[in-house]
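Here's the structure, in structure tokens; my notes come after.
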Amino acid sequence: MGLLDFSPALMSASAATLAVIYMYLYKLKPKKPLNPSYDYIVIGAGSAGCVVAARLSEDPTKTVLLLEAGQEADDHRISVPDASPTLQQSDVDWNYQVLGGCSSVNAMIYMRGHKADYDSWEKLGAVGWGWDDVLPYFLKSENNTIPNQVSSPYHGAGGPLTVTERPYTCDMSLQFV
Ligand SMILES: Cc1cc2nc3c(=O)[nH]c(=O)nc-3n(C[C@H](O)[C@H](O)[C@H](O)COP(=O)(O)OP(=O)(O)OC[C@H]3O[C@@H](n4cnc5c(N)ncnc54)[C@H](O)[C@@H]3O)c2cc1C
């Protein structure tokens, strides 16, 4: 399974045309002038789109345009996990459209699907999406800093996605969970 095998968000349309439509619809100004064309255009700067665009732009010979329909992720509540419920129905929650997509409005809980889910997808015909296929990518993406998980065969270190324990746990949450 390659990084780009699953990227329906990648389009090869004219960057200039898309950019004009984007700016017309959303009345946003790009921060720097757009190129007349790009090697890759990624539609949607959500969780997946940002990763795909970041990986593609690691090649300095390629140009990448990442288009996002939502607004800037500058609401201070976006960086506060416990504040995520207050973002529902807010300005950044226009069908979850904001820079970062659902990763900007979610609860910042590191969560994977169950092994059986991936294996059942594969049985249904999604070749390359079984648990044994996706686990190496989970490991590669993860920078797990939790002491009793660092050496686990199910967790990785050194990837771009840092996973930590919450720095503070209140007594009430222990009762709740
Ligand atoms: C309230 C909530 C809490 C959650 N909590 C957790 C959690 O704690 N842990 C966890 O692991 N997962 C959580 N999730 C799920 C997780 O956040 C999502 O599964 C994941 O972020 C989806 O990523 P994505 O890239 O598929 O889509 P998105 O992140 O939604 O990205 C899609 C992007 O495309 C943009 N877009 C849409 N249409 C266009 C267009 N026409 N042109 C340009 N851009 C467009 C959107 O604005 C958006 O930015 C939560 C989700 C929600 C909604």
Side-chain angles (χ1 to χ4, degrees), residues 1-31 34 38 40-57 64-118 121 126 129 131 134-135 137-146 149 154-156 159-169 173 176-177:
M1 184 179 71
L3 171 70
L4 301 180
D5 294 345
F6 61 92
S7 53
L10 289 178
M11 309 278 289
S12 58
S14 152
T17 309
L18 277 170
V20 168
I21 295 169
Y22 173 71
M23 286 186 289
Y24 176 76
L25 286 176
Y26 303 109
K27 300 186 175 55
L28 293 176
K29 288 187 182 155
K31 290 196 169 148
L34 291 163
Y38 288 84
Y40 300 103
I41 299 172
V42 182
I43 311 291
S47 313
C50 288
V51 171
V52 169
R55 291 297 308 280
L56 289 169
S57 59
V64 181
L65 177 65
L66 176 59
L67 293 177
E68 168 54 44
Q71 57 179 293
E72 299 244 10
D74 53 4
D75 189 307
H76 66 279
R77 293 170 296 174
I78 286 173
S79 52
V80 181
D82 284 352
S84 65
T86 71
L87 292 165
Q88 313 305 310
Q89 308 286 315
S90 73
D91 283 353
V92 302
D93 188 24
W94 173 52
N95 290 333
Y96 307 121
Q97 293 191 333
V98 60
L99 199 59
C102 289
S103 72
S104 288
V105 301
N106 74 18
M108 297 173 75
I109 301 167
Y110 180 73
M111 199 186 303
R112 296 178 191 165
H114 193 279
K115 175 182 188 299
D117 290 332
Y118 300 98
W121 291 352
W129 284 91
W131 175 250
V134 299
L135 180 59
Y137 292 92
F138 281 127
L139 300 182
K140 188 178 175 186
S141 65
E142 198 177 330
N143 181 34
N144 197 307
T145 62
I146 301 170
Q149 292 185 2
Y154 300 109
H155 292 282
L161 180 63
T162 296
V163 180
T164 65
E165 285 281 15
R166 55 198 293 158
Y168 168 74
T169 303
S173 74
F176 179 74
V177 175

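For reference, positions follow the sequence shown, starting with 1. Just so you know, ligand 1 is whichever comes first in the structure, and atom 1 is the first atom listed for that ligand. This one's a predicted model, so the numbers in the text were calculated from it and none came from an experiment.
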Could you see which bit of Val98 sits under 4.0 Å from ligand 1, with heavy atoms only: side chain, backbone, both or neither?
backbone

Main-chain N/O of Ile146 paired with Thr164 side-chain donor or acceptor, under 3.5 Å
no

Go through Val64 and Tyr38 one step at a time and tell me if the side-chain contact (heavy atoms from CB on, under 4.5 Å) criterion holds.
CA-CA 6 Å; Val64 181; Tyr38 288 84; 5.7 Å; no

Heavy-atom contacts with Met108 under 4.0 Å: which atoms of ligand 1 show up? List them by number with element.
8 (O)

Considering the heavy atoms of Cys102, write down every atom of ligand 1 situated less than 4.0 Å from one of them.
17 (O), 18 (C), 20 (C), 21 (O), 28 (P), 29 (O), 30 (O)

In short, His155 meets Gln149 closest at the heavy-atom pair CB-O, 3.5 Å

Which of the atoms of ligand 1 are close to Ala48, meaning less than 4.0 Å from one of its heavy atoms?
25 (O)

Can you figure out which of Leu87, Asn106, Leu99 has its heavy atom closest to atom 50 (C) of ligand 1?
Asn106

Do other residues, nucleotides or ligands put more than 12 heavy atoms under 6.0 Å from the OH atom of Tyr154?
no

Any heavy-atom pair between the side chains of Glu72 and Ile78 that's under 4.5 Å?
no

Evaluate side-chain contact (heavy atoms from CB on, under 4.5 Å) for Leu161 paired with Tyr110, printing each intermediate quantity in order.
CA-CA 9 Å; Leu161 180 63; Tyr110 180 73; 3.7 Å; yes

Just let me know how Ile109 lines up against ligand 1, side chain, backbone, both or neither, with a heavy-atom cut-off below 4.0 Å.
both

Contact atoms of ligand 1, heavy-atom distance to Ile43 under 4.0 Å:
42 (N), 43 (C)

Just verifying a value: how many Å separate Trp131 CH2 and Phe138 CZ, rounded to the nearest 0.5 Å?
6.0 Å

Calculate, to the nearest 0.5 Å, the distance between atoms CG and CG belonging to Leu56 and Leu65 respectively.
12.0 Å

Numbered in order shown, the ligand 1 atoms found under 4.0 Å of a heavy atom of Leu67 are 43 (C), 44 (N)

What side-chain donor-acceptor pairs closer than 3.5 Å can you find for residues 98-108, not counting sequence neighbours?
from   : atom 1 : to     : atom 2 : distance (Å)
Ser103 : OG     : Gly100 : O      : 2.5
Ser104 : OG     : Leu99  : O      : 2.6
Asn106 : OD1    : Met108 : N      : 2.9

Can you find an N or O of Tyr110 that's nearer than 3.5 Å to an N or O of ligand 1?
no

Side chain, backbone, both or neither: Gln88 near ligand 1, heavy atoms under 4.0 Å:
side chain

Do Val105 and ligand 1 have an N or O pair less than 3.5 Å apart?
no

Polar atom proximity, Gly49 to ligand 1 (N or O, under 3.5 Å):
no

For Gly101, take its heavy atoms, then give the atoms of ligand 1 lying under 4.0 Å from any of them.
29 (O), 48 (C), 49 (O)

Shortest reach to atom 49 (O) of ligand 1 by a heavy atom, considering only Arg112, Gln71, Met111, Glu68
Glu68

